[in-house]
Amino acid sequence: FLQAPLILVVLMVEALIFYYLWTVSSAMVQEQQEDMARIKSRGGSTSHILSFYLSQGLVLVVFGFLLGPPLSLLLTNLMSRLGAFPSLTHTLSLTGELTVSVYGVAFLAAIASLAAILIPAVQASRKGIVEYKAALAHPAQQPWLQRGNLDLAIIALGFFLYWFISSGRGFISRGLL
């Protein structure tokens, strides 16, 4: 019961990180799209291009999976000793342990991160040189989130949830979660 707000915060942070990875990966792919099209025009296949992005993504994901949980445990312990969070710690320092569930969440985050890296690459690697030149001639359409104003709806939902939780009405006590 007491961990539900923490789980909500973790989910919101993970969604923010996923969005950031997606944005950075899309920008990287957009910068390299001409090279991808040139490789395809010279006989390279989509699998050749994706193998590069897969190897790059796996290096990042494996390091994040292996180093993330111990590093977060260390940083949490150090931050709790600063005394900036007395209402949360109630003691001198927070202690924690690296359990299977911690690595389970890290594994899910790693899979989501790999997807955020690979999906834009898959979309871009399908285009040949003709499609790339045609896309240069015609400006891109707004993303589907912005066309339907769904980005504003998601922001509004976030503000509503923040207000709802901070006002003390807690939907957890009402049995909705």
Side-chain angles (χ1 to χ4, degrees), residues 1-31 33 53 56-57 60-61 63-124 135 138-177:
F1 173 73
L2 295 174
Q3 291 182 346
L6 181 62
I7 291 171
L8 288 174
V9 169
V10 167
L11 289 176
M12 289 175 21
V13 168
E14 286 184 5
L16 181 67
I17 291 170
F18 179 78
Y19 177 75
Y20 174 75
L21 280 173
W22 182 281
T23 303
V24 170
S25 178
S26 296
M28 281 179 31
V29 166
Q30 190 174 12
E31 285 291 320
Q33 196 166 6
Y53 282 97
Q56 181 182 12
L60 293 172
V61 164
F63 276 114
F65 176 76
L66 294 177
L67 297 178
L71 188 62
S72 66
L73 183 65
L74 175 70
L75 291 175
T76 301
N77 193 352
L78 290 176
M79 286 181 62
S80 69
R81 292 181 185 192
L82 294 176
F85 308 103
S87 63
L88 293 175
T89 59
H90 300 295
T91 62
L92 186 57
S93 67
L94 289 174
T95 58
E97 54 188 41
L98 297 176
T99 62
V100 174
S101 63
V102 170
Y103 280 101
V105 171
F107 180 74
L108 292 176
I111 296 298
S113 300
L114 189 60
I117 292 169
L118 286 180
I119 291 173
V122 168
Q123 293 170 344
H138 303 291
Q141 217 177 12
Q142 283 185 328
W144 63 272
L145 274 173
Q146 292 176 350
R147 277 190 304 238
N149 291 328
L150 290 176
D151 55 343
L152 298 176
I154 291 170
I155 291 170
L157 178 65
F159 279 123
F160 173 73
L161 287 174
Y162 174 76
W163 169 79
F164 200 73
I165 291 171
S166 65
S167 68
R169 296 183 183 194
F171 54 87
I172 289 132
S173 62
R174 296 182 187 178
L176 294 178
L177 184 63

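None of the values given here were measured: they were computed from a predicted structure. All heavy atoms count here, side chains included; hydrogens, waters and symmetry mates do not.
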For Ser113 against Leu21, the heavy-atom pair lying closest together: OG-CD1, 3.4 Å
In Å, rounded to the nearest 0.5 Å, how long is the span from CG of Leu114 to CD of Gln56? 11.0 Å
Glu14 vs Leu108 side-chain heavy atoms within contact, under 4.5 Å: no
If you count the non-hydrogen atoms of other residues, nucleotides and ligands that lie under 6.0 Å from CD in Gln30, is the total more than 12? no
Between Phe65 and Tyr103, which heavy-atom pair has the shortest distance, and what is it? CE1-O, 3.4 Å
Of all the heavy-atom pairs spanning Ala124 and Val29, show the shortest one and how long it is. CB-CG1, 3.1 Å
Considering all heavy atoms, the nearest Val61-Ala110 contact: CG1-CB, 3.3 Å
Backbone N or O of Pro69 within a donor-acceptor pair of the Ser72 side chain at under 3.5 Å? yes
